[in-house]
2 protein chains.
Amino acid sequence: MNHYETLKQGLAKKETILLTAKCSIEYNGRAQSYLPSGDRIILIKPDGTLLIHQITGSVPVNYMKERTEFQIFHKEGIIALQAKHPTQKEYMDVEISEIHSIQCLKLEDSSKLQLAGNEKDMSDFIFSNPETIEKGLKALSREEHTDFGFVDVLCKDMKGNLVVVECKRYTADYKAVSQLQRYVDKIKEAKGISNVRGIMASPTISDATKKILEESGFKHVVLEPPKRLERAKKEQKKLLEF
Amino acid sequence: MNHYETLKQGLAKKETILLTAKCSIEYNGRAQSYLPSGDRIILIKPDGTLLIHQITGSVPVNYMKERTEFQIFHKEGIIALQAKHPTQKEYMDVEISEIHSIQCLKLEDSSKLQLAGNEKDMSDFIFSNPETIEKGLKALSREEHTDFGFVDVLCKDMKGNLVVVECKRYTADYKAVSQLQRYVDKIKEAKGISNVRGIMASPTISDATKKILEESGFKHVVLEPPKRLERAKKEQKKLLEF
DNA sequence: GGGGAGAGATGCCGC
DNA sequence: GCGGCATTTCTCCCC
């Protein structure tokens, strides 16, 4: 069976298709793009996801989301792969001049990624240990979705003031200050009170951002994100295993 | 040559490696994750990029950036692929229980993506056609980088006021208003003037955001992002071709 | 489906 | 390197 037929059948059977080929690519949709001819890695998934990678970098150079529909044609040694997304009004044309390799596979996987160490873990920590932010601080609620937005941790300080704590895993920037400002303003408005404070908790903050933060009447508290697991010991262990 | 040797040589030669395998994955770095056993698509690029995909979705379930270093071991039918990023202090362990397919290839590609229809094109359009934003508007500068960020388009209106135009390809949100506010404030401060206006140009804006925008003394102008190319005719043409 | 916010965001550019 | 910001951002969650 030639490459064209293999690809055609793989698409028809909705298999996972791994293709390396020399091709040029045209995309039209939310933007427009053109990529001149070169060797690419093309991955088509059973759910209709299309990913095209160049030989460097971690981001696909062109892609189409799940539920993409495919059609192929061939003429004089050229294979045209047309991808069309019915709802998103997006289109891609891949003109393949040479297939280097092709594989169609039926794969099985029902596992889900378990991830830890994100911002939610950070707000959980603050909720459980508010004293690490400020002496006498009491946590009231966590990730509260309200009319006025989504507050990481809402607290009350020693003097009875409401305190909005916004946490960031990385360097707090201008945007984080705007966010905090908006929450504080909205809470003041919603509750008709004026004594609402704001605290930014993050491992670092740039000087310019800290200046704006303090001009807005807020303060910064240094808080490290959840610790990275130590690798050194594990590496030792693995090396011994093999 | 067995799969293990093929993989080992592909890594040594820094080839593009396409691998489908049943595996479990552990990651430690900026966060921590674990993915139980299942069939996955594994792509290793010559630059040291590692991408692991599940059979659905467009985002890799696990990944390592370029310049990752690899080591492999095997024992009793299990292959352990260890990935380590020297500068980022990130680590990944892929424990492979079965390789379904493997390919190592030398690919060539020197092309770069040409993309149109992004926000820069939108600000270019405004710079060249300021009258579409407001009658009598004159463009002064485009993408001006300042200490506090960069202003999409800086203009002067009929009355001689400076006007900051911020454009968004999609629905303008709270963050965009904060951005505009910051630019206007900083320009007022830097130039020691008070008559600086702000205009948000975007295809749509939510009611809540528009309210905040107008409360801040700014206005919204509807501006469509650069038009999508019409596909209908092209599709006809392609169908006729084959 | 829209709105709001995080992401192991990534990538680009400028300083 | 950091900072600021767009992205064909993507994804999740909630209303």
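Lettering follows sequence order; numbering is per chain, from 1.
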| said: Should the side chain of B:Glu90 and the base of C:dG8 be counted as holding a donor-acceptor pair, with the cut-off at 3.5 Å? | reply: yes

| query | Which residue lies toward the 5' end of DNA chain D, B:Asp152 or B:Val59, if each is placed at its nearest nucleotide? | reply |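 Its nucleotide being nearer the 5' end, the pick is B:Asp152.
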
| Residue mapping more 5' on DNA chain D - nearest nucleotide basis, B:Thr87 or B:Gln179 |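 Upstream on the strand: B:Thr87.
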
| task | Would you mind reporting whether B:His85 and B:Arg67 have side-chain heavy atoms less than 4.5 Å apart? | result | yes

| Between D:dT8 and D:dG4, how far is it from one P atom to the other, in whole Å? |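 23 Å, rounded to whole Å.
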
| said: Can you check the distance between D:dC5 and C:dG8, where both ends of the measurement are the P atom (answer in whole Å)? | reply: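 Between the two P atoms, the distance is 23 Å.
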
Nearest whole Å is fine: how far is [N] [atom2] from [X] [atom1]?
X        : N      : atom1 : atom2 : result
B:Glu119 : C:dC12 : CD    : P     : 17 Å
A:Asp121 : C:dG8  : CG    : P     : 11 Å
A:Lys175 : C:dA5  : NZ    : C1'   : 12 Å
B:Leu50  : C:dG8  : CG    : P     : 16 Å
A:Leu115 : C:dA7  : CG    : P     : 9 Å

What does [X] touch in the nucleic acid at a heavy-atom separation under 4.0 angstrom: a base, only the sugar-phosphate, or nothing?
X        : value
A:Tyr63  : base
B:Glu166 : sugar-phosphate
B:Ser33  : nothing
A:Lys65  : sugar-phosphate
A:Glu66  : nothing
A:Asn118 : sugar-phosphate
A:Val61  : base

Hey, is [X] close enough to [Y] for a salt bridge, meaning N to O under 4.0 Å?
X        : Y        : answer
B:Lys22  : B:Glu95  : no
B:Asp124 : B:Lys120 : yes
B:Glu215 : B:Lys210 : no

| Does a donor on one side chain sit under 3.5 Å from an acceptor on the other, for A:Asn62 and A:Ser33? | yes

| query | Do B:Ser141 and B:Glu144 get their side chains close enough for a donor-acceptor pair, meaning under 3.5 Å? | reply |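 There is such a pair (donor and acceptor under 3.5 Å, judged by atom type) between the side chains of B:Ser141 and B:Glu144.
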
| Would you write out the dot-bracket form of DNA chain C, 5' to 3', with Watson-Crick and G-U pairs under 3.5 Å, [ ] for crossing pairs, | for pairs to other strands and . for unpaired bases? | |||||||.|||||||

| field | Pair B:Gln179-B:Lys168, side chain to side chain donor-acceptor pair (under 3.5 Å): steps then yes or no | value | CA-CA 11 Å; B:Gln179 217 178 325; B:Lys168 292 289 163 209; 3.3 Å; yes

Sequence neighbours excluded and cut-off under 3.5 Å, please list the side-chain donor-acceptor pairs for residues 40-61 of chain B, or say none.
unit_1  : atom_1 : unit_2   : atom_2 : d
B:Arg40 : NE     : A:Asp109 : OD2    : 2.7
B:Arg40 : NH1    : B:Cys23  : O      : 3.0
B:Arg40 : NH1    : B:Pro36  : O      : 3.2
B:Arg40 : NH2    : A:Asp109 : OD1    : 2.9
B:Arg40 : NH2    : A:Asp109 : OD2    : 3.3
B:Arg40 : NH2    : B:Pro36  : O      : 2.8
B:Lys45 : NZ     : A:His53  : ND1    : 2.9
B:Lys45 : NZ     : A:Gln54  : O      : 2.7
B:Lys45 : NZ     : A:Thr56  : O      : 3.3
B:Lys45 : NZ     : A:Gly57  : O      : 2.7
B:Asp47 : OD1    : B:Thr49  : N      : 3.0
B:Asp47 : OD1    : B:Thr49  : OG1    : 2.8
B:Asp47 : OD2    : A:Gly57  : N      : 2.8
B:Asp47 : OD2    : B:Thr49  : OG1    : 3.2
B:His53 : ND1    : A:Lys45  : NZ     : 2.9
B:Gln54 : NE2    : A:Asp109 : OD2    : 2.9
B:Gln54 : NE2    : A:Ser111 : O      : 2.9

Between [N] and [X], is there an OP1 or OP2 to side-chain N/O distance shorter than 4.0 Å?
X        : N     : answer
A:Tyr170 : C:dG6 : no
B:Tyr174 : C:dG4 : yes
B:Arg30  : C:dA9 : yes

| query | Can you give the first and last nucleotides of DNA chain D, 5' to 3', that have an atom under 4.0 Å from a heavy atom of chain A? | reply |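 Extent of the interface on DNA chain D: D:dG3 to D:dC14.
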
| request: Under the side chain to side chain donor-acceptor pair (under 3.5 Å) rule, what do A:Glu90 and A:Tyr27 come out as? Steps first, then yes or no, please. | output: CA-CA 8 Å; A:Glu90 295 194 297; A:Tyr27 160 77; 2.4 Å; yes

| query | Has B:Tyr27 got its ring stacked on the base of C:dG8, with centres under 5.5 Å and planes less than 30° apart? | reply | yes

| said: Can you tell me if A:Lys211 has over 12 outside heavy atoms packed within less than 6.0 Å of its NZ? | reply: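 No - once you tally the heavy atoms of other residues, nucleotides and ligands closer than 6.0 Å, there are 12 at most.
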
